[in-house]
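Let me begin by presenting the structure, written as structure tokens, before commenting on it.
Heavy atoms only: backbone and side chains are in, while hydrogens, waters and symmetry mates are out.
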Amino acid sequence: MNLLPFLPLLPFAAAFAVGALPANRRGLSALIAAAVMLAAGAFTVAMGPAMFAGELLRVSTPWLAGIDYTVRVDGLAWIFCLLISGIGSLVVLYAHYYLSAEDSEPRFLAYLLAFAGAMLGVVTAGNLIVLLVFWELTSVASFLLIGFWTHRDDARQGARMALTVTAGGGLCLLAGLILLGQVAGSFDLDAVLAAGPAVRADPLYPAILALILLGAFTKSAQFPFHFWLPHAMAAPTPVSAFLHSATMVKAGVFLLARLYPVLAGSDLWLYAVSLAGLATLLVGAWYAVFQHDLKGLLAYSTLSHLGLITLLLGMGSELAVVAAVFHILNHATFKASLFMAAGIIDHECGTRDLRRINGLIRFMPWTSVLAITAAAAMAGVPLLNGFLSKEMFFAEALTVDHPLLAWLVPTGAVLAGLLGVAYSSRFIHDTFFHGEPVGLDRTPHEPPLWMRIPVDLLVLVCVAVGLMPMQTFGPLLAVAVPAVTGAPMPDVSIALWHGFNLPLAMSAVAFVGGIWLYFRLQRARGLHGRDPSRGPSGQRGFERVMAGLGKLAGVVTNALQHGRLPIYTATLLAAAGLALLPWVLRLELPAASGDVDAGLAAGALLVAGAGLACVFVRRRMALLLASGIAGLGSVLIFLSRGAPDLAFTQLAVDGVFAVVVALALGRLLPPGRNVLPHGRPALALVAAVLAGLGLLLLALGMTAAPFDSALSDYFGAQSLAAAHGRNVVNVIIVDFRGLDTLGEIAVVLLAALAAGGILRRMGRAGR
């Protein structure tokens, strides 16, 4: 039995099991969650030989009509599975020690497992529709994780903002993937990836690209949708370490990499992706320098690094793709360790405010060394992994030959590198060396050993990759890059030293300039006294948009839900008429027949006369009598056409209706109020005539259409043989359409219950 389809589903099953545990079963919930994440990691590692051999693992299972649940693992999906399961295992261990006794650890881990399953589903999906389903599940799970601390207003607001932005992008992605599947001729990922030239040549390519980029940019918080990510830092730190450094925010860049063979290769891709990445790279780096919250600084730095990866993917060269994949791995390691270190500091100090947590190296020496090393990797200091991917980024920035980008990208790269050193310097200097702790309600000390172990392992990876890149991440790049480009791995050597060259000079300028900028800003402007909320704010823009949508919804609701039944009825009839008008205009009406059936004529006259009476009579009981006469006319029509069962049904329904309405009118109306108020009979007559003519044309068109007897022949043949009934109509209602009939009965019952409740409340209120 092939277990590959269960790789994304196992965490979901475990999420239900863990979520059902009592809140006090912390140890058991952590044990189950860790076991599941380790099992997913072990299964992923077991696929390694197949990946290194260049194989594609794929299993399909029928799911919906025309859509298979396909799990597809290539080199790109494989390295993301390693990140999700590996860092997920460390986050589970870290969270067990981070969460307080008041927090429901089973509920938290259930959300975390559900998110891990959704991310595994996104990266292993072999069908565009399956990918979209898991994509939306990541939004829902991240909403629950960001808003985990429900008692905090900032957590609820951050969760709402994240869900609104990413779900809106998900709607755009839905439209884009449907168009892509239509143009490619299939929703199967292999077929879509093979249809790249046809997709780029199609007139719908700009719309497809725009919609898919909106989905990717909102998920990866690219400019101008970057504002939600810093507000998501109200989540517990394990959420930030997992979602906002290694997994969820990487989903957008994963989608860009996954669809790279289909969408890349055009000037539209180059400019749209590169400029969005460059803007995010610079905006995130600039705002990171001025943050006072430790996690806020890391959040904006995450924006900057996501922009760097997006910019590399937008450049379109094979070496730029290598650098992008390399930095995905590097950023996940040093940023996850930094978030965990920030959580340790918050856990031990009771605050993350950079203006208060100073001089911590004397209180937490080992944690300080780990955090300083990870921050140095983030800044691109030599001997660490961040330096290598930054060097590759600088080298590729110099190769851009498009007129607008040839100078813009290298300049932006150096400026972003300079700002990266500046905010990394602030992280290190303000936290560990600058002065003494201010106003802490406890004395900081080292955390429990097992809470620090995940940080130890991730920092060890940063150092190992920095010293031996080709021996550590080199094999991963060799299997992942061809899955992105669709071409063999380019000949590239990643090494610590490539001699004196222009990228090294750019690194030196960024390093020296960043340190100078930090101390210059600290002395001249006093970073601790600056308000980081000043200036343009995406949050304020988001709140204005949401407030405007609320006002617009109020205007539309007041215009449509005005409580006047005649206008409701007219609107409904007008909408139905407009919808049917194109179809009615194409009708071929049947030729008139000279034969007139007496029963049919009598019934038609009764229905028409009763209908006219309903327009003009004002007494309610007379109106009820007129409607009953219209029902009797329908009975005559059914009898004349040889349908006694329908005639009996109509007669029974009309009788019950007349009795119930008569009782209701007698019970509800005050004495002496049996007369309808003056209305607009002319308007009612016009509406009735138009509606009647429309229904007449519709009925004539249906009777004139060619009759296909296949369905009626089937029911006639199977009524007695399969359902043991001679009355075909009854058999259809009870057997062949039994579920439909049950649903209709349920609707009537629910309506009756609702009406009964309303009438009781009205009776108590004296109405």
Side-chain angles (χ1 to χ4, degrees), residues 3-15 18 32-48 51 57 71-95 108-126 130-131 133-142 144-145 219-220 235 238-255 257-258 302 306 309 325 327-337 339-340 454 457-458 461 473 476 479-480 483:
L3 298 178
L4 187 59
F6 296 98
L7 177 60
L9 302 180
L10 177 62
F12 283 108
V18 170
I32 295 174
V36 169
M37 296 306 299
L38 289 172
F43 187 68
T44 302
V45 171
M47 291 187 283
M51 295 295 104
L57 303 180
V71 177
R72 178 186 183 277
V73 179
D74 59 4
L76 179 65
W78 185 64
I79 66 165
F80 269 88
C81 288
L82 287 175
L83 287 177
I84 295 165
S85 58
I87 295 183
S89 301
L90 297 177
V91 167
V92 169
L93 174 62
Y94 177 85
F108 177 83
L109 293 177
Y111 296 161
L112 194 72
L113 287 169
F115 177 83
M119 274 303 303
L120 288 171
V122 167
V123 301
T124 61
V130 175
L131 185 151
V133 170
F134 282 114
W135 182 278
E136 293 304 308
L137 287 175
T138 63
S139 296
V140 175
S142 65
L144 297 173
L145 284 167
K219 185 73 77 172
S220 285
V239 176
S240 303
F242 192 39
L243 274 66
H244 304 138
S245 63
T247 53
M248 177 184 172
V249 292
K250 294 291 197 311
V253 294
F254 168 82
L255 185 66
R258 171 54 73 213
T302 298
L306 290 173
I309 298 168
V325 176
H327 198 67
I328 287 173
L329 297 169
N330 288 336
H331 178 258
T333 52
F334 66 66
K335 189 54 64 67
S337 60
F339 271 118
M340 291 184 188
L457 295 176
L458 290 170
V461 172
F473 281 175
L476 303 182
V479 300

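The CG atom of Leu38 lies 9.0 Å from the CG atom of Leu90; values are rounded to the nearest 0.5 Å. Taking CG of Leu145 as the start and CG of Leu243 as the end, the distance is 5.5 Å to the nearest 0.5 Å. With values rounded to the nearest 0.5 angstrom, Ser139 atom OG is found 5.5 Å from Met248 atom CE. The distance from atom CZ of Phe43 to atom OG of Ser85, rounded to the nearest 0.5 Å, is 11.5 Å. To the nearest 0.5 Å, atom CZ of residue Phe254 and atom CE of residue Met119 are 7.5 Å apart. We find the OG-CG distance between Ser142 and Leu112 to be 12.0 Å, quoted to the nearest 0.5 Å.
Counting only heavy atoms from C-beta outward, the side chains of Thr124 and Phe80 never approach each other to under 4.5 Å. In this structure, Leu120 and Pro11 have side chains that are in contact, with non-hydrogen atoms separated by less than 4.5 Å. In this structure, the side chains of Val461 and Phe473 come closer than 4.5 Å at one or more pairs of heavy atoms. Side-chain contact between Thr138 and Phe115 is present, with at least one heavy-atom pair separated by less than 4.5 Å. Counting heavy atoms from C-beta outward, Thr44 and Trp78 have side chains that approach closer than 4.5 Å. Counting only heavy atoms from C-beta outward, the side chains of Met47 and Leu7 approach each other to under 4.5 Å. In this structure, Ile84 and Phe242 have side chains that are in contact, with non-hydrogen atoms separated by less than 4.5 Å. In this structure, the side chains of Leu83 and Thr247 stay at 4.5 Å or more apart for every pair of heavy atoms.
No side-chain donor-acceptor contact under 3.5 Å links Tyr94 to the backbone of Pro454.
The minimum heavy-atom distance between Ala336 and Ala241, with the atom names listed, is CB-O, 3.8 Å. For Met37 against Val92, the heavy-atom pair with the smallest separation is CG-CG2, 4.1 Å. For Ala235 against Ser240, the heavy-atom pair with the smallest separation is O-OG, 4.3 Å. Scanning all heavy atoms of the two residues, the minimum distance from Ala15 to Ala114 falls at CB-N, 3.9 Å. Closest heavy-atom contact between Val253 and Leu306: CG1-O, 4.4 Å. Summarising the geometry of Lys250 relative to Ala332, their closest heavy-atom pair is NZ-N, 4.2 Å, with the distance given to 0.1 Å.
Leu144 is linked by a side chain to side chain contact (heavy atoms under 4.5 Å, CB included) to Tyr111, counting only residues two or more places apart in sequence or in another chain.
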Leu82/Val45 under side-chain contact (heavy atoms from CB on, under 4.5 Å): CA gap, chis, key distance, verdict: CA-CA 7 Å; Leu82 287 175; Val45 171; 4.1 Å; yes
Assess whether side-chain contact (heavy atoms from CB on, under 4.5 Å) is satisfied between Leu476 and Met51, documenting all intermediate values. CA-CA 9 Å; Leu476 303 182; Met51 295 295 104; over 6 Å; no
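Note on residues 72-82: pairs passing salt bridge (Lys or Arg N to Asp or Glu O under 4.0 Å), not counting sequence neighbours, are Arg72-Asp74, Arg72-Asp190, Asp74-Arg258.
Between Leu109 and the choices Val36, Val18, Val91, the side-chain contact (heavy atoms from CB on, under 4.5 Å) rule is met once, by Val18.
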